[in-house]
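For reference, the structure discussed in these notes is given below.
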Amino acid sequence: MVKYGLDYTRCRWILPLLLGIGVIFGIIALAGRGWLESQTLPYVHQASLWESCTRPGRGGPWTCESLMGYAWGRAAAATYLVGFILLVICFALAIIAFAIDTLRFNFIRGIGGLLFVAAVFSIMGLVIYPVKFSSEIEMTGINMFSWAYGFGWTTAIMEICLGFFFCCLPNYEDQILGNVKPTYFYSSP
């Protein structure tokens, strides 16, 4: 990407595209019912960020309890949701920043800083949830934090990595804009 510059049409939209993938993963984490699941038969426990569902060992209907009745449930949901909203804002700002013909590199660095703030909020929610869930809600059998919880962590890791890219990109402003003379390593015999 640095070799051809951000004006190179195929490379210009890589970072906003990765932010869009992070937004999709965040939506999956927010809507997914697989934050915690029973690992072995009989499957008696399933939880999302919003509720915890159990059923009797021999089958039957699921009984769900809202996690919003717990202070830690509201805190985990609120912090992860704030991180997700900041990620969506960064996605919108990145589309605006890369759509402009002349890039504003300080603006891009600001997006990187906002991504780090989003990552902090997301990680706070992802740490509060398992610590308080396992200590305050009775679990039977063997349980595991599952696929939707993994999508939440993937979103947080993407926020950190993309924050580094957005913050470091202005350091290569001259190379991106083509203001550096090429260096040749050929010497005549």
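Residue numbers start at 1 and run along the sequence shown.
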Rounded to the nearest 0.5 Å, what separates atom CZ in F151 from atom CE in M158? 11.0 Å
List the steps, then state whether side-chain contact (heavy atoms from CB on, under 4.5 Å) holds for F98 with I108. CA-CA 9 Å; F98 286 97; I108 291 173; 4.2 Å; yes
Are I128 and Y80 side-chain neighbours, meaning at least one heavy-atom pair lies under 4.5 Å? no
If you look at every heavy atom in V131 and V127, which pair is closest and at what distance? CG2-O, 3.3 Å
Mind checking whether F84 and T155 have side chains closer than 4.5 Å, heavy atoms only? no
Roughly how far apart are L162 CG and I157 CD1, rounded to 0.5 Å? 12.0 Å
What pairs meet the salt bridge (charged side-chain N to carboxylate O under 4.0 Å, His left out) rule with one or both residues in residues 130-152, with sequence neighbours excluded? K132-E136
Listed partners of E37 passing salt bridge (Lys or Arg N to Asp or Glu O under 4.0 Å), at least two apart: none
Set out, in order, the CA-CA distance, both residues' side-chain angles and the distance that settles side-chain contact (heavy atoms from CB on, under 4.5 Å) for L19 and I95, then state yes or no. CA-CA 10 Å; L19 276 175; I95 289 177; over 6 Å; no
Within the 4.5 Å heavy-atom criterion, are I28 and W147 side-chain neighbours or not? yes
Main-chain N/O of A119 paired with E159 side-chain donor or acceptor, under 3.5 Å: yes
Decide yes or no for C90 and F166: does some side-chain heavy atom of the first lie under 4.5 Å from some side-chain heavy atom of the second? no
Do T79 and V120 have side chains that get closer than 4.5 Å, going by heavy atoms? no
Results of disulfide bond (SG atoms under 2.5 Å apart) for C64 - residues two or more places apart only: C53
Given F145, F121, W35, the one that forms side chain to side chain contact (heavy atoms under 4.5 Å, CB included) with L126: W35
CA sep, side-chain torsions, deciding dist, call: F116, F164, ring-ring contact (aromatic ring centres under 6.0 Å, His included): CA-CA 8 Å; F116 285 123; F164 278 115; 5.1 Å; yes
Sidechain-backbone polar pair: S48 side chain, R33 backbone, donor-acceptor under 3.5 Å: no
State plainly whether one hydrophobic cluster holds both Y149 and V82, where clusters connect Ile, Leu, Val, Met, Phe, Trp and Tyr through side-chain heavy atoms under 4.5 angstrom apart. yes
Supply the atom-to-atom distance C168 SG to R109 CZ, rounded to the nearest 0.5 angstrom. 8.0 Å
Cluster check I14, F107: I/L/V/M/F/W/Y, side chain < 4.5 angstrom: yes
Can you check whether L30's main-chain N or O pairs, donor with acceptor, with W50's side chain at less than 3.5 Å? yes
Is any side-chain heavy atom of H45 closer than 4.5 Å to one of L36? yes
Report yes if some heavy atom in the side chain of L67 is under 4.5 Å from a heavy atom in the side chain of I137; otherwise report no. yes
For V44, does its backbone N or O pair with a side-chain atom of S38 as donor and acceptor, under 3.5 Å? yes
In one Ile/Leu/Val/Met/Phe/Trp/Tyr side-chain cluster, 4.5 Å: V23, L81: yes
Specify the closest pair of heavy atoms between Y70 and E65, including all atoms of both residues, with the distance to one decimal. OH-OE2, 2.9 Å
Linking I/L/V/M/F/W/Y whenever any side-chain heavy atoms sit under 4.5 Å apart, do F133 and M144 land together? no
